[in-house]
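Down below is the structure, laid out as structure tokens.
Each chain gets a letter, A, B and so on, in the order the sequences are listed, and its residues count up from 1. Hydrogens, waters and symmetry mates are skipped; everything else that's a heavy atom, side chains included, is used.
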Amino acid sequence: MTTGPEQLSGFVDLEFLEFPDAAAASGRSGTTPNANVAVLRLAGEIDVAVHEPFQLLLDEVARLGASQVVVDVTGVTFCDAYGLGLLVVAANRLQRTGTQLSVRGADANLFRLFQLSDLVSLLRVERPPSSEALLRGLHKSREAAHAQAVLTATLQLVATMTQAVVHGADGASITLPANGTFQTVAASNDTVLEMDHDQYETGEGPCLDAARTGVRYLATSLDDEARWPVFVPRARARGIRSILSTPLNVRVGPLGALNLYSRSVSAFSATETDWADQFASEAATVLSTAQATASPEGLDAQVRQALLSREVIALAQGVMMERYSMSAPTARAALRRESRRTSQPLRDLCERLVERSHGGPFGDDQSGVGAHGA
Amino acid sequence: MPDRRVDSLDLARRDAGLSQDELWLRYFALGGMMPALELEAMCLGALTAGADDAEHVVHALNERFSELGRNHPVPYDDDDAPPT
């Protein structure tokens with residue numbers, strides 16, 4: 001099967017080749033060594049524009065019953081967060097039917113993007129040949145690493161969504177204690193990562209204080225901020241003007257902090273701090289659950305599955321919050337109601353919503369779930 | 001809000017054939033925030049959860065009942081809410 005040019009964005013060249021049944025049906029002469037492997041070729045710019053043809057091809061893959069899907073990204077010149085999201089949703093969806101997704105052909109830059117997003121294990125991204133030798137020794141605990149990757153990918157999603165949903169935020173990250181110091185486990189861009197490292201190096205800053213004390217720290221304007229005299233000049237030099245650090249609190253104390261920065265002063269009002277609280281709760285819940293259920297071999301398989309489901313539902317919730325300026329509980333209530341009204345499991349509904357998020361919520365549905373909320 | 005026995009959610013859990021751990025995992029997979037022990041206490045009526053948490057537990061139970069061919073038998077608190 002191939003998609004016709006009319007189905008494609010001007011920026012995307014998406015082909016579906018080498019699936020024997022499809023090739024036979026369309027009269028193609030190509031053959032593949034493995035009858036159950038479907039190869040999806042992505043090329044050009046992978047963003048929201050590729051959504052529809054990609055979904056059509058995934059539907060075709062499902063219809064033909066492939067046991068393995070290889071996404072070939074050799075020709076990809078650009079991929080944004082939406083493009084990554086498409087691959088995560090696809091992997092999630094395919095996994096549920098026992099189909100494994102993997103990604104091959106990433107060049108060094110694209111591979112770096114997968115690494116920064118902690119998606120290398122989750123999406124089974126084949127490493128570029130040049131780095132293969134260096135990383136040969138790291139493959140021993142692949143399964144444990146995969147489980148860990150699901151957790152880190154979830155936290156990365158929380159950071160990315162926080163930046164997307166909280167107005168005025170130019171970056172978001174999650175800081176956790178590690179071996180007597182701190183580390184950033186998820187970051188939505190390099191500036192926030194550098195801001196975190198400045199704090200670890202100087203030993204002071206709002207995210208360290210939030211992670212240590214369990215109290216929220218808000219620096220409204222770094223121009224007038226006196227609390228962290230060594231760190232603040234570094235942050236200002238990076239163009240940062242305000243910072244909000246929210247602790248990841250659980251019963252026993254703080255697990256870390258969710259950090260937001262803005263290039264504007266007074267960027268974070270009561271509404272923004274409320275939303276940051278919601279995302280911090282999500283990160284704290286995921287972390288405390290992972291810690292409680294982790295075994296030496298990594299996360300329990302069922303918890304891993306649950307995290308994947310959560311990831312899709314959180315993504316849909318983020319879409320609703322961002323699009324309709326809803327609070328998290330209102331968005332959850334709206335999703336529950338729609339799930340019930342349409343007799344679809346919440347996870348399936350959220351998958352559809354995320355897949356269609358470049359259009360209206362729930363496709364042509366006129367229930368007004370998004371517009372009116374709970 | 002419909003009247004409920006304090007332990008009605010626990011009765012529903014047992015009716016659905018779920019262990020406490022299984023219900024919690026389903027609730028967690030749907031985005032629930034409560035730890036397992038709190039969920040258990042809430043189902044037994046020993047702890048009052050926020051409305052959103054309670055509705056999420058009800059939804060997790062009803063999704064299980066749907067799998068068993070039963071149509072959302074556990075009442076939602078917003079059952080009387082006007083349709084949106």
N/O donor-acceptor pairs under 3.5 Å from side chains in residues 42-53 of chain B, not counting sequence neighbours:
residue, atom, partner, partner atom, Å
Asp52(B), OD1, Arg336(A), NH1, 3.1
Asp52(B), OD1, Arg336(A), NH2, 3.3
Asp52(B), OD2, Arg332(A), NE, 2.6
Asp52(B), OD2, Arg332(A), NH2, 2.6
Asp53(B), OD1, Tyr27(B), OH, 2.9

Revision key, fill the gap. Value for CZ (Arg340(A)) from CD (Glu55(B)), rounded to nearest 0.5 Å, stands at 8.0 Å

Review point. If every non-hydrogen atom of Glu63(B) is compared with every non-hydrogen atom of Ser339(A), which pair is closest and at what distance?
Key: OE2-OG, 3.8 Å

Practice item. Kindly compute the distance separating CD (Gln344(A)) from OG (Ser66(B)), expressed to the nearest 0.5 Å. Key: 11.5 Å

Point to revise | Residues that Asp21(B) engages under side-chain hydrogen bond (donor to acceptor under 3.5 Å, both in side chains), provided they are two or more places apart | key: none

**Study point:** Engaged part of Leu346(A) at the chain B interface, taking heavy atoms whose separation is under 4.5 Å
**Key:** both

Check your understanding: With sequence neighbours excluded, what pairs up with Gln278(A) under the side-chain hydrogen bond (donor to acceptor under 3.5 Å, both in side chains) test?
Key -> none

Revision key, fill the gap. Those residues of residues 29-38 of chain B that come under 4.5 Å of chain A on a heavy-atom basis, listed by number, are Ala29(B), Leu30(B), Gly31(B), Gly32(B), Met33(B), Glu38(B)

Point to revise | Atom group of Glu282(A) that falls short of 4.5 Å from chain B, counting heavy atoms | key: both

Exercise for review: Check Arg310(A) against Phe28(B) and note the closest heavy-atom contact, atom names and distance.
Suggested key: NH1-O, 2.8 Å

